[in-house]
Engineer: 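My questions all concern the structure below.
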Amino acid sequence: MQPTVHRNEAVKITLHKSIPEARRPEIEALVNKHAGPSTIIWMPSRFPRLVILVEPQSSYQSQPDGGSFFESSHSEDETLAAMSESLEEKIKDCLAKAPSL
């Protein structure tokens, strides 16, 4: 059973340190806009992913979904994995554009 992320739940998001320091405030704003208020940690990684990890804060409580392991009653866009994938795409799109001034 995948935990469900509700927009008002705080999450801890680990981003790849390879994102240029000058662009980090812009990326942090983008993450907070799409994931809600987040604690962002910058870490190096040997993997090329920009979004390394998305995890609930310690106060996070996953909601029982009433579905089976294979068939959740929650839509896929509410899972932590889906949030990670979505943020990864938004960050890549943002970095491909010229920095905002």
Side-chain angles (χ1 to χ4, degrees):
M1 175 170 68
Q2 293 263 6
T4 301
V5 177
H6 300 285
R7 293 277 180 210
N8 60 354
E9 297 284 353
V11 293
K12 182 166 73 173
I13 300 175
T14 304
L15 299 176
H16 201 293
K17 199 172 180 177
S18 67
I19 294 172
E21 283 195 45
R23 302 290 303 269
R24 290 182 187 177
E26 182 181 8
I27 298 303
E28 288 177 355
L30 180 140
V31 168
N32 283 311
K33 177 182 175 187
H34 293 286
S38 305
T39 301
I40 299 171
I41 298 168
W42 297 93
M43 300 273 301
S45 174
R46 58 187 172 140
F47 301 106
R49 302 282 311 197
L50 295 177
V51 179
I52 300 168
L53 182 66
V54 176
E55 63 180 329
Q57 296 285 39
S58 59
S59 64
Y60 175 83
Q61 296 291 321
S62 64
Q63 302 296 318
D65 65 7
S68 73
F69 179 79
F70 298 103
E71 211 175 285
S72 172
S73 61
H74 297 294
S75 67
E76 285 300 311
D77 63 348
E78 294 178 339
T79 66
L80 293 172
M83 177 191 282
S84 180
E85 192 69 32
S86 174
L87 287 174
E88 177 97 13
E89 290 305 313
K90 290 179 187 329
I91 291 170
K92 285 180 181 177
D93 290 346
C94 182
L95 290 173
K97 297 175 188 170
S100 60
L101 301 174

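Everything numeric in this text was worked out from a predicted model, so none of it was measured. Residue numbers run from 1 in the order of the sequence given.
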Engineer: Starting at OG1 of T14, measure out to CG of L50 and round the result to the nearest 0.5 Å.
Structural biologist: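 Result: 13.0 Å between the selected atoms.
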
Engineer: With the side chain counted from C-beta on, respond yes when L15 and L87 share a heavy-atom pair under 4.5 Å apart, and no when they do not.
Structural biologist: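 The answer is no, as the side chains (C-beta and beyond) never meet within the 4.5 Å cut-off.
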
Engineer: Please name all residues satisfying side chain to side chain donor-acceptor pair (under 3.5 Å) with E89, sequence neighbours left out, ordered by chain then number.
Structural biologist: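 Side chain to side chain donor-acceptor pair (under 3.5 Å) list for E89, sorted by chain: empty.
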
Engineer: When hydrophobic residues are tied together by side-chain contacts of less than 4.5 Å, even through go-betweens, does I52 share a cluster with I40?
Structural biologist: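 I52 does not cluster with I40.
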
Engineer: Between S84 (side chain only) and A82 (backbone N and O only), is there a donor and an acceptor less than 3.5 Å apart?
Structural biologist: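 It does not hold such a pair.
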
Engineer: Which distance, rounded to the nearest 0.5 Å, do you find between the SG of C94 and the CG of L30?
Structural biologist: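 Going from SG on C94 over to CG on L30, the span is 5.5 Å.
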
Engineer: Can you tell me how far apart NE2 (H34) and CD1 (I91) are? Round to the nearest 0.5 Å.
Structural biologist: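 If we round to the nearest 0.5 Å, H34:NE2 and I91:CD1 are 9.5 Å apart.
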
Engineer: Could you pull out the closest heavy-atom pair between K17 and R24, with the gap in Å?
Structural biologist: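 It is O-NH2, 2.5 Å.
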
Engineer: CG/L53 to CE/M43 distance, rounded to the nearest 0.5 angstrom?
Structural biologist: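 L53 atom CG to M43 atom CE measures 9.5 Å (nearest 0.5 Å).
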
Engineer: L80 versus E55: any side-chain heavy-atom pair under 4.5 Å?
Structural biologist: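 The answer is no, as the side chains (C-beta and beyond) never meet within the 4.5 Å cut-off.
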
Engineer: Restricting to side-chain contact (heavy atoms from CB on, under 4.5 Å), what partner residues turn up for S86, sequence neighbours left out?
Structural biologist: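 Counting only residues at least two positions away or on another chain, S86 forms a side-chain contact (heavy atoms from CB on, under 4.5 Å) with K90.
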
Engineer: With V54 as reference, evaluate K12, E85, M83 under the side chain to side chain contact (heavy atoms under 4.5 Å, CB included) test and give the passing residue.
Structural biologist: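 Answer to the side chain to side chain contact (heavy atoms under 4.5 Å, CB included) test with V54 among K12, E85, M83: M83.
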
Engineer: Can a donor-acceptor pair be found, under 3.5 Å and without considering hydrogens, that links the side chain of H16 to the backbone of S45?
Structural biologist: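 Side chain of H16 to backbone of S45: a pair is present.
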
Engineer: To the nearest 0.5 angstrom, please state how far the CD1 atom of I27 sits from the CG atom of L95.
Structural biologist: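 That separation rounds to 4.0 Å.
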
